[in-house]
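Below you'll find the structure, written out as structure tokens, and then a few comments.
Computed over heavy atoms, backbone and side chain alike; hydrogens, waters and symmetry mates excluded. Counting from 1, the numbers follow the sequence of the chain as shown. The structure displayed is predicted, hence computed values, not measured ones.
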Amino acid sequence: MIKRNDEYYMGLALKLALKAKGKTSPNPLVGALVVKSGKIIGRGFHAKAGLAHAEAVALDRAGKKAKDATLYVTLEPCAHSGRTPPCVNRIISSKVKEVVIGMIDPNPLNNGRGVTLLRQNNIKVKVGVLSDQLKEINESFIKYITTRSPFITVKVGQSLDGRIATRTGDSKWITSDKSRAYAHKIRKDYDAIMVGVNTVLRDNPSLNVWFSQKKLIKIIVDSNLSTPENSSIFAGEAQVIIITLPSHPGQETDNRKKISAKAKILEVKEKAGQINLRDALKKIAQLGISNIIVEGGGTLIGSLFDEGLVDRILFFISPKIIGGKEAVSSVMGIGIKRIDQAIKLKDLKLKWLGDEILIEAKVK
């Protein structure tokens with residue numbers, strides 16, 4: 001009798017899921033295999049929101065041979081209709097004898113219903129194979145679908161003493177070409193890139209991706225709507241969203257009219273005279289944006305930390321000392337009063353990029 005290795009097959013399904021990294025949002029990454037008599041007879045992964053789910057692709061490729069086979073799928077099959085029909089119905093009609101599931105779907109619309117329906121139709125179900133690894137690759141989906149707020153990664157390129165610009169505002173370039181190229185490769189895994197208006201005014205960035213055809217949504221946090229209408233962010237085909245405070249009668253400026261022709265203006269609630277970041281992220285999530293990389297400046301990043309809205313950090317550290325109390329820090333905002341209130345990190349990873357270091361970690 002052939003010994004079955006569920007972890008092996010689920011690992012292969014996980015690798016299939018990762019083929020669509022950065023392409024499925026707001027949907028999760030999902031991979032699937034159909035296995036019969038120790039042989040893989042069908043493979044599939046979810047390539048993009050609106051396209052067939054991984055289970056359906058794998059079962060279609062297996063065809064009639066799927067009868068009495070085992071289906072491996074990284075995420076619990078859906079039992080509800082969305083852009084595509086329920087995957088559970090497709091699985092039941094295929095007559096597989098068993099479904100091995102990596103993790104339960106965190107989506108409240110499903111969340112166990114798929115497993116229940118499969119068992120009610122006399123299909124054996126096993127749950128929890130490589131679940132920790134699968135939760136890791138779908139961490140942004142999990143946060144988005146359970147909190148209705150996007151997963152936030154803060155990316156910083158700073159000197160060893162934590163500066164992102166000198167006292168005169170000069171910031172090009174603190175990190176090396178190698179670090180900047182690596183940072184651009186990371187961008188393609190996100191739905192959107194966010195910066196504060198001061199970064200636009202100081203650096204006039206285009207916020208594009210060097211190594212991909214993907215057009216990231218560009219989000220500017222600009223409470224007074226002072227983004228120049230000729231800014232580089234408006235170049236190209238990518239959507240631009242300006243987060244700002246509500247206008248009042250008589251405040252319809254020429255700049256606002258010009259910007260509204262080039263970008264989506266998203267008005268959000270106020271908090272102490274500034275953008276209410278929690279409200280902003282909730283409204284951004286309603287647009288189907290599930291993860292964002294934030295790349296400056298220090299004021300926006302500090303405010304996100306102050307509000308407890310950061311999920312992951314990517315700090316590129318260059319072996320340079322800038323100094324000066326008026327130099328721009330990478331994390332500003334209000335900050336903490338006592339050391340025991342410091343934001344703590346976990347799961348730290350270090351990567352050398354020439355003479356520079358990338359520190360990647362999750363916020364506890």
Side-chain angles (χ1 to χ4, degrees), residues 14 17-18 20-30 46 48-49 74-75 102-111 131-156 183-196 207 209 212 214-221 238-239 241 243 266 268 275-296 300-316 331 343-349 358-364:
L14 188 156
L18 287 172
K21 188 176 181 182
K23 301 174 183 177
T24 63
S25 183
N27 288 356
L29 293 167
V30 186
H46 181 48
K48 183 180 179 181
T74 57
L75 182 71
M103 60 175 279
I104 292 294
D105 188 354
N107 188 342
L109 293 176
N110 199 31
N111 196 238
S131 61
D132 289 343
Q133 293 96 312
L134 294 167
K135 288 175 183 176
E136 180 80 15
I137 70 169
N138 275 315
E139 58 186 354
S140 63
F141 169 73
I142 292 171
K143 182 185 179 185
Y144 169 78
I145 206 69
T146 57
T147 68
R148 293 299 174 182
S149 188
F151 188 92
I152 301 297
T153 297
V154 161
K155 176 258 168 183
V156 167
H184 270 262
K185 289 179 180 178
I186 292 170
R187 282 183 181 181
K188 66 179 172 41
D189 294 333
Y190 292 86
D191 295 343
I193 181 169
M194 176 187 282
V195 297
L207 304 181
V209 183
S212 174
K214 184 174 181 180
K215 304 290 190 295
L216 263 69
I217 298 170
K218 305 172 186 180
I219 303 175
I220 314 302
V221 179
Q239 181 184 13
I241 299 173
I243 306 295
L266 192 63
V268 302
I275 297 289
N276 184 319
L277 290 172
R278 287 187 181 277
D279 184 54
L281 293 182
K282 291 288 184 182
K283 288 178 178 174
I284 288 170
Q286 290 170 8
L287 300 175
I289 297 171
S290 68
N291 55 72
I292 300 171
I293 185 165
V294 181
E295 297 201 4
L300 173 59
I301 289 172
S303 297
L304 287 166
F305 275 115
D306 288 341
E307 294 291 329
L309 297 172
V310 181
D311 300 292
R312 183 197 288 135
I313 62 104
L314 296 166
F315 274 46
F316 293 81
V331 182
I343 295 161
K344 298 177 178 61
L345 305 174
K346 63 180 181 179
D347 301 338
L348 268 71
K349 298 176 184 177
L358 167 61
I359 299 179
E360 179 178 358
K362 295 179 184 178
V363 176
K364 283 188 177 180

Where is the tightest heavy-atom contact between [X] and [Y], given as atom of each residue plus distance?
X	Y	answer
Ala49	Ser25	CB-O, 4.0 Å
Ala238	Leu216	CB-O, 3.3 Å
Gly196	Leu300	N-CD2, 3.5 Å
Gly288	Tyr144	CA-OH, 3.7 Å
Arg148	Lys282	O-CD, 3.5 Å
Ala280	Val268	CA-CG1, 3.7 Å

Hey, could you give me the [atom1]/[atom2] distance between [X] and [Y], rounded to the nearest 0.5 Å?
X	Y	atom1	atom2	value
Ile359	Leu345	CD1	CG	9.0 Å
Lys155	Ile193	NZ	CD1	7.5 Å
Leu309	Ile301	CG	CD1	13.0 Å
Leu277	Ser149	CG	OG	10.0 Å
Glu295	Leu207	CD	CG	7.0 Å
Thr24	Asn138	OG1	CG	7.0 Å

Just so I know, are the side chains of [X] and [Y] near enough to count as touching, which here means a heavy-atom distance under 4.5 Å?
X	Y	answer
Val294	Thr153	no
Glu360	Ile186	no
Phe315	Val331	yes
Val156	Ile313	no
Tyr190	Ile289	no
Leu134	Leu75	no
Ile284	Ile241	no
Pro150	Asp191	no

Check this for me: [X], atom [atom1], are more than 12 non-hydrogen atoms of other residues, nucleotides or ligands nearer than 6.0 Å?
X	atom1	result
Lys23	NZ	no
Lys344	NZ	yes
Lys21	NZ	no

Verify side chain to side chain contact (heavy atoms under 4.5 Å, CB included) between Leu29 and Thr74, making sure each step is shown before the conclusion. CA-CA 8 Å; Leu29 293 167; Thr74 57; over 6 Å; no
Judged by atom type as modelled, is there a donor-acceptor pair below 3.5 Å linking the side chain of Lys215 to the main-chain atoms of Val209?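 Side chain of Lys215 to backbone of Val209: no pair is present.
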Any donor-acceptor pair under 3.5 Å linking the side chain of Lys143 with the backbone of Asp311? no
Side chain to side chain contact (heavy atoms under 4.5 Å, CB included) test vs Met194 passes for just one of Leu281, Ile217, Ile152, namely Leu281
